[in-house]
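Working notes, beginning with the structure itself.
In listed order, ligands and their atoms are each counted from 1.
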Amino acid sequence: MKKVGIIMGSDSDLPVVKKATDILTALGVPFEVHVYSAHRTPQQVHDFVAAARDNGFGVIIAAAGMAAHLAGVVAAGTTLPVIGIPCKSSVLDGMDALLSTVMMPPGIPVATVAIDGGANAGLLAAEIIALGDETLTAKLNAKREADAAKVLSKDADIASRL
Ligand code: RP5
């Protein structure tokens, strides 16, 4: 199975990234995590991305806050699919990172999830890997059904109490 590469701009982004790694761990999808910054360690970002396909990665998640150029820089260096997670910082409520991540120019796509949307980044990465894996597809479908069952259980509970 192809691996998911996960890069975060700072270890302060870890709580958001952890939501993605929890999903991937639960689904049995292999991943590798790094702290590389588009601004502070551009060479390491470049080296990782340039070798990613040959190193067995099928998709890359890039999480960053503030002037979040990481996902865009990663996408510029590969035609592997790139998922961007804009991370909320102490100012601007993550709008800075959201716009920096989502507003990519035509030709260099980044699939941007919600601000702090680590769980959906993990799920989307798994869905991409699952394109070539029926077992993983079945796990994703089972999770969807289990999540729906939880909502229906809450519906029944609310209906019985009100
Ligand atoms: C970004 O700046 C990082 O992705 C992080 O979200 C933000 C703050 O970084 P630290 O100052 O916490 O290292 O590059």
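More than 12 heavy atoms of other residues, nucleotides or ligands sit less than 6.0 Å from atom NZ of K19.
Listed by chain and residue number, Y36, F48 satisfy the ring-ring contact (aromatic ring centres under 6.0 Å, His included) test with H34 (two or more places apart in sequence, or in another chain).
S153 places no side-chain N or O within 3.5 Å of a backbone atom of A149 that could act as its donor or acceptor partner. With hydrogens and angles disregarded, no donor-acceptor distance shorter than 3.5 Å links the side chain of S100 to the backbone of A97. Panel note: side chain S160, backbone D157; a donor-acceptor pair is recorded below 3.5 Å.
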- Output, in order, the C-alpha distance, side-chain angles, deciding distance and verdict of side-chain hydrogen bond (donor to acceptor under 3.5 Å, both in side chains) for S10 and R40. CA-CA 10 Å; S10 168; R40 295 163 172 159; 4.5 Å; no
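Residues with a heavy atom under 4.0 Å from ligand 1: G9, S10, S12, D13, R40, A64, G65, M66.
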